[in-house]
Amino acid sequence: MAHRELIRQMSKEVEHCRMRRMSDYEEEEIARGIPSHTVEGTYYEVGLETGKIFKDSIQEFHDNLDRLHQCYIPYYESSVGREMCDKFLETAKRRYPQYVRELEGIAEGAEVPFYKIFLVNIRHELERMVKKKDMEGDGCTTIIINNPTDAAIGHNEDGERIYGYHAYMIEMEIRDDVKREHVTAFAYPGCLPGNAMGFNGHGLVFTINYISQKEVAMSKVPWQFTCRAMLAATSLEELIEIWKEAALGVSVNFGDVKTQRTYNIEVAASDSGPSVVNVLEIVKSKEHFTTTDVQTTVFSTLESSNDPRGYYCHCNKYERIAGVPVFGTKPTKTSVIRMARFRHMVPPCDTRGLCWALGDRHVCEGTAIFLQSAAWCTLATGIFNLKERTCRIYSANPMTTAPMVLLPIEVDGDDDCKDDAFE
């Protein structure tokens with residue numbers, strides 16, 4: 001389908017459903033808008049402009065983030081904490097000075113002290129230092145499908161409501177002496193983009209499943225900076241090298257619109273050498289089917305295989321790297337519950353099935369794939385269709401609402417995927 005026709009069709013979906021109430025919710029909600037902006041310039045300039053545009057949200061977020069004032073800042077003001085934070089800043093400046101400049105621009109544009117912005121950007125490392133396991137939440141869910149009908153990555157971005165209230169979509173076109181970047185991502189206020197979901201001008205799509213690895217690799221790059229570097233990756237090989245330098249572990253879901261190949265990557269950070277990186281390709285299935293054609297028995301057969309074909313689900317625990325101590329039990333426990341629920345579903349085989357699977361609200365032991373608890377909830381859902389080269393971002397249940405953000409995934413310099421529907 002041509003991009004002009006596709007975007008026109010997607011726009012009709014939004015006009016029809018944009019503010020429709022979700023009658024199946026226990027507490028009715030209305031799909032909220034997601035602010036979206038494009039910024040251009042050097043790393044510092046795009047940070048500065050982002051800070052200015054979202055100044056009110058960034059200030060309100062930092063003013064109301066209790067853990068910043070009750071935990072991060074008191075720890076930073078201690079001699080041990082200051083030494084640790086300074087060490088991470090030095091590492092970031094040495095390895096990714098361009099992203100430090102970007103963060104400095106955000107701080108100046110938002111008129112928030114840089115040290116506060118930086119503390120929130122190393123929050124995962126700090127939480128281990130202050131040993132606040134109760135800060136750990138349920139986590140995110142990603143489902144990958146790859147078959148003759150569809151190749152897509154679907155992601156539920158879960159987190160504290162305060163993050164969702166102030167989140168936004170940002171497209172950055174960076175022209176700098178260091179390099180050029182064209183990235184688009186779902187981002188949190190005052191944070192470097194990359195730790196949720198997004199794509200770049202090389203046609204690469206990324207979603208993140210945070211993994212609660214216990215030990216921090218103090219000599220490595222802070223996790224948020226590694227996520228930001230990932231957004232600029234040009235290949236799977238470069239992505240692996242980036243994550244070898246990470247201070248904490250992660251699960252990365254990765255797709256390429258040019259080849260329609262899909263992967264899940266698990267990383268366990270190490271201070272004694274390169275991080276352990278395990279790459280699993282979700283191989284395209286040979287079957288041509290729709291969601292209603294597939295039986296649940298097929299999934300149990302494929303799930304036990306080391307060569308998953310057609311679909312794959314990952315949450316917030318290691319599935320293939322064994323023996324890594326974790327920080328807190330909640331992400332692991334809820335991941336087991338969500339994975340068990342997924343195994344009982346009819347496996348999704350197209351984007352419609354992805355919306356149904358990621359919109360599942362069946363609650364078990366206080367958690368669900370699409371979560372709506374008081375403090376921790378699904379903030380947004382992203383559907384990245386590698387065949388159509390499109391990105392849909394939903395701000396409410398994707399089972400019952402239309403997307404709030406509709407974007408083509410364009411490959412820079414590829415005339416075949418350029419779209420003039422917005423002209």
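Not measured: the values here are computed from a predicted model. What's counted below: heavy atoms across the whole structure, side chains too, no hydrogens, waters or symmetry copies.
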Between [X] and [Y] (side chain of the first, backbone of the second, donor and acceptor by atom type, cut-off under 3.5 Å), is there such a pair?
| X | Y | answer |
| --- | --- | --- |
| Ser395 | Ile34 | no |
| Glu171 | Thr38 | no |
| Arg341 | Cys364 | no |
| Gln213 | Ala269 | yes |

Could you state the interatomic distance from [atom1] ([X]) to [atom2] ([Y]), rounded to the nearest 0.5 Å?
| X | Y | atom1 | atom2 | answer |
| --- | --- | --- | --- | --- |
| Thr351 | Asp150 | OG1 | CG | 5.0 Å |
| Cys313 | Glu319 | SG | CD | 8.5 Å |
| Asn147 | Asp350 | CG | CG | 7.5 Å |
| Ile208 | Asn316 | CD1 | CG | 11.0 Å |
| Ser335 | Asn209 | OG | CG | 8.0 Å |
| Ile369 | Trp356 | CD1 | CH2 | 13.5 Å |

Non-hydrogen side-chain atoms of [X] and [Y] separated by less than 4.5 Å:
| X | Y | answer |
| --- | --- | --- |
| Leu89 | Phe118 | yes |
| Phe206 | Phe199 | no |
| Glu45 | Met172 | no |
| Gln98 | Ile174 | no |
| Gln59 | Phe54 | no |
| Asp412 | His202 | no |
| Leu204 | Asp256 | yes |
| Ile265 | Ser251 | no |

Pairing donors with acceptors under 3.5 angstrom, does anything connect the side chains of [X] and [Y]?
| X | Y | value |
| --- | --- | --- |
| Thr381 | Asn156 | yes |
| Thr141 | Asp158 | no |
| Ser275 | Ser270 | no |
| Glu157 | Tyr188 | yes |
| Arg261 | Tyr263 | yes |

Aromatic contact, [X] with [Y] (centres under 6.0 Å):
| X | Y | result |
| --- | --- | --- |
| Phe88 | Phe225 | no |
| Phe384 | His155 | no |
| His124 | Tyr210 | yes |
| Tyr76 | Tyr115 | yes |

Would you sort out whether Glu125 and Ile122 count as a side-chain contact (heavy atoms from CB on, under 4.5 Å), showing the intermediate values? CA-CA 6 Å; Glu125 289 84 359; Ile122 59 168; 3.8 Å; yes

Where [X] and [Y] come nearest, the two heavy atoms and their spacing:
| X | Y | result |
| --- | --- | --- |
| His69 | His62 | NE2-O, 2.8 Å |
| Thr50 | Val46 | OG1-O, 2.7 Å |
| Leu379 | Glu160 | CD2-O, 3.6 Å |
| Asn146 | Ala151 | OD1-CB, 3.7 Å |
| Tyr168 | Pro189 | CE2-CA, 3.9 Å |
| Ile170 | Ala187 | CG2-CB, 4.2 Å |

task: I would like to know whether Met129 and Met84 meet side-chain contact (heavy atoms from CB on, under 4.5 Å); could you show each step before the answer?
output: CA-CA 9 Å; Met129 298 299 106; Met84 189 276 281; 3.2 Å; yes

Exercise. Take Phe254 and Asn264 through the test side-chain contact (heavy atoms from CB on, under 4.5 Å) and record every step on the way to the result.
Key: CA-CA 6 Å; Phe254 169 72; Asn264 173 262; over 6 Å; no

Is it true that [X] and [Y] have a side-chain N and a carboxylate O under 4.0 angstrom from each other?
| X | Y | result |
| --- | --- | --- |
| Arg101 | Glu104 | no |
| Glu245 | Arg95 | yes |
| Asp86 | Arg82 | yes |

Exactly one candidate in Glu60, Glu111, Glu49, Glu108 meets salt bridge (Lys or Arg N to Asp or Glu O under 4.0 Å) with Lys55; the answer is Glu111

So the side chain to side chain donor-acceptor pair (under 3.5 Å) pairs with at least one residue in residues 215-234 (sequence neighbours excluded) are Glu102-Arg228, Arg123-Gln224, Glu181-Arg228, Asn195-Gln224, Ser219-Asp271, Thr234-Glu238

Can you confirm whether more than 12 heavy atoms, excluding those of Lys52, are under 6.0 Å from its NZ atom?
no

inquiry  = Counting only heavy atoms not in Arg175 (residues, nucleotides, ligands), do more than 12 fall under 6.0 Å from its CZ?
reply    = yes

Mind checking what makes salt bridge (charged side-chain N to carboxylate O under 4.0 Å, His left out) contact with Lys93, not counting sequence neighbours?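 Listed in chain order: nothing, the list is empty.
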
- [ ] Test Ile383 against every option in Ile393, Leu358, Ile153 by the side chain to side chain contact (heavy atoms under 4.5 Å, CB included) rule and name the one that passes.
- [x]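 Only one option passes, and that is Leu358.
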
- Task: May I have the step-by-step check of side-chain contact (heavy atoms from CB on, under 4.5 Å) for Leu371 and Thr367, ending in yes or no?
- Result: CA-CA 6 Å; Leu371 184 63; Thr367 193; 4.3 Å; yes

| Residue list, side chain to side chain donor-acceptor pair (under 3.5 Å) with Glu266, at least two apart or on another chain |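 With neighbours one apart ignored, the set is His314.
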
